[in-house]
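Everything numeric here is computed off the predicted structure, so don't read it as measured data. Here is how names work: the chains are called A, B, and so on, in the same order as the sequence lines, proteins then strands, and each is numbered from 1.
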Number of protein chains: 2
Amino acid sequence: MTIRVLLADDHPVVRNGLKGVIEREPDFEVVAEANDGAEAVVLGMRPEVDLAVLDVAMPRMTGLQAVEELARRRPGLRTLVLSMYDADQYVLAAIRAGASGYVLKSVADTDIVGACRAVMRGDSFVFPESTPQALRDQGELVRRGRGSKSDETLTARELEVLKLVAEGRTSREIAETLVISIKTVDRHRANIKEKLGARDRVDLTRYAIRRGLVEP
Amino acid sequence: MTIRVLLADDHPVVRNGLKGVIEREPDFEVVAEANDGAEAVVLGMRPEVDLAVLDVAMPRMTGLQAVEELARRRPGLRTLVLSMYDADQYVLAAIRAGASGYVLKSVADTDIVGACRAVMRGDSFVFPESTPQALRDQGELVRRGRGSKSDETLTARELEVLKLVAEGRTSREIAETLVISIKTVDRHRANIKEKLGARDRVDLTRYAIRRGLVEP
DNA sequence: GCCCGTATGGGTAGTACCACCCATCTTCGG
DNA sequence: CCGAAGATGGGTGGTACTACCCATACGGGC
């Protein structure tokens, strides 16, 4: 029984590395590759895909959005999220989005395969283990129904504002760009900060970069 | 005559992808792999290395710093910088640091090999070609001696302040951390902004992330 | 000796940001 | 139809940041 994998990463060389690692295993096979999140959703709907391995930061649609979409439209599919960063909040966000597992890109090749296997066994996998158990418990709780609605979901308008903030625009400039009042921009930014638990524009900037909304 | 390559990237899976791409060519051979910039400098000093391929963002020492160091200590070595971002200023910074070439991670595998070959032929290679010719000319000029000293060089103290700014600390917090007055923190930040041509803390944050001083 | 860069610190003013309060209007789902 | 959520906008006050001015001290190099 071979496990058929979808790889999604916007860097061909990374996809290639993953492909090499995964196809070295006799019972794994890469059956599809996506360049961005939107493509991943389309390809992930194919019935022959058993497991989707997605990078977080991708153009058009982030890996987390793709996971959310796939979890909704094809609940049986297992999803493993790859990320560069290991802060708790990213892990939590991924689990909340419905990911089956979360692995850092900085781990060894064999650990990535191990994560794939764990996820296919049905475990909710997080690596490295250094991540607090409490967090994983919370993730489990959330993932088992209850609150799958994360309060981190930004509206389309908020994403527009966040993008401009992270590009270094002032409230005045953003207001001119979006043709709304400065107060409304401030209001949006305040709402975003509250949703994300951010302190100031610097926090928002780092968040936007992690999400791939803007380049650093 | 085989070309012996040093790969430097902090993500094993990326190194693996590069290795696969490069060793598919009969006249290329990967003879060393580094996990960070500091390691890359050590391994790059080995005489059997002909070409060093380095990622920009790495722990301990960035790819650009490693290139600078290697260019100084082993001028004959060819260096190719890999980056996620294609803004002109990053390209220019890489060339200024002494890199022989600059390639985006988002290009196709074959183009990376092509870049390696171009660099080994002695070309100063920049990809994609969309980069303005004027920029490459300027890069050439700078690389041929003249002004290798950029006014972007921050002092040790300024780097400390920049790091804290990019972590989202306020002036007051930074002042307490470094045990100096708020005014001095402001003074440092103003100097940094002027050196980097940044407008505000958001710009500084993005810069610090590009340099790998902080995680996003 | 003198200048230059670096680090330190002060003053003053204007602007941006942030944290609260408040409201209206639309849209969408139960 | 009504309520919730989203987008819009206003007010007020406090804090942080930014842009200027200024000075002192220390070290190294010409």
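Checking the phosphate oxygens (OP1, OP2) of dA7(C), a side-chain nitrogen or oxygen of Thr155(B) falls inside 4.0 Å. Taking 4.0 angstrom as the limit, Ser171(A) places a side-chain polar atom (N or O) nearer than this to OP1 or OP2 of dC17(C).
Ranked by how close their nearest DNA chain C nucleotide is to the 5' end, Arg201(B) and Arg157(B) are led by Arg157(B). Map Lys193(B) and Thr184(A) each onto its nearest nucleotide of DNA chain D; the residue landing nearer the 5' end is Thr184(A).
For the pair Ile180(A) CD1 and dG10(D) P, the computed distance is 11 Å after rounding to whole Å. If you take CD1 of Ile182(B) and P of dT15(D), they are 12 Å apart, rounded to a whole angstrom. Protein atom CG of Asp186(A) is 12 Å distant from nucleotide atom P of dG9(D), rounded to whole Å. Between Leu178(B) atom CG and dA7(C) atom P the separation is 12 Å, expressed in whole Å. With rounding to whole Å, Arg189(A) atom CZ is found 16 Å from dA7(D) atom P. Whole-Å rounding puts the Arg187(A) CZ to dC18(C) P distance at 13 Å. One atom, CD1 of Ile174(B), and another, P of dA7(C), lie 15 Å apart when rounded to the nearest Å. If you measure from atom CZ of Arg169(A) to atom P of dA16(C), you get 15 Å, rounded to the nearest angstrom.
Residue Asp200(B) is classed as a sugar-phosphate contact, given heavy-atom separations below 4.0 Å to backbone atoms only.
The side-chain heavy atoms of His188(B) and Thr184(B), taken from C-beta on, include a pair separated by under 4.5 Å. Residues Glu160(A) and Leu178(A) are in side-chain contact: their nearest non-hydrogen atoms beyond the backbone lie under 4.5 Å apart.
Distances were taken from every side-chain heavy atom of Ser181(A) (C-beta onward) to each of dG9(D), dC17(C), dA7(D); the shortest belongs to dG9(D).
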Does the pair Arg169(B) and Asp200(A) meet the rule for a salt bridge (Lys or Arg N to Asp or Glu O under 4.0 Å), with working shown? CA-CA 9 Å; Arg169(B) 314 302 177 87; Asp200(A) 52 27; over 6 Å; no
What verdict does the salt bridge (Lys or Arg N to Asp or Glu O under 4.0 Å) test give for Arg206(A) and Glu167(B), after you've listed the backbone C-alpha separation in whole Å, the side-chain angles of each residue and the deciding distance to 0.1 Å? CA-CA 9 Å; Arg206(A) 290 206 312 272; Glu167(B) 282 171 2; over 6 Å; no
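For Lys183(A) and dT12(D), a side-chain-to-base donor-acceptor distance below 3.5 Å is present, hydrogens and geometry of angles not being considered.
Around the CD atom of Glu194(B), the shell of radius 6.0 Å holds no more than 12 heavy atoms that belong to other residues, nucleotides or ligands.
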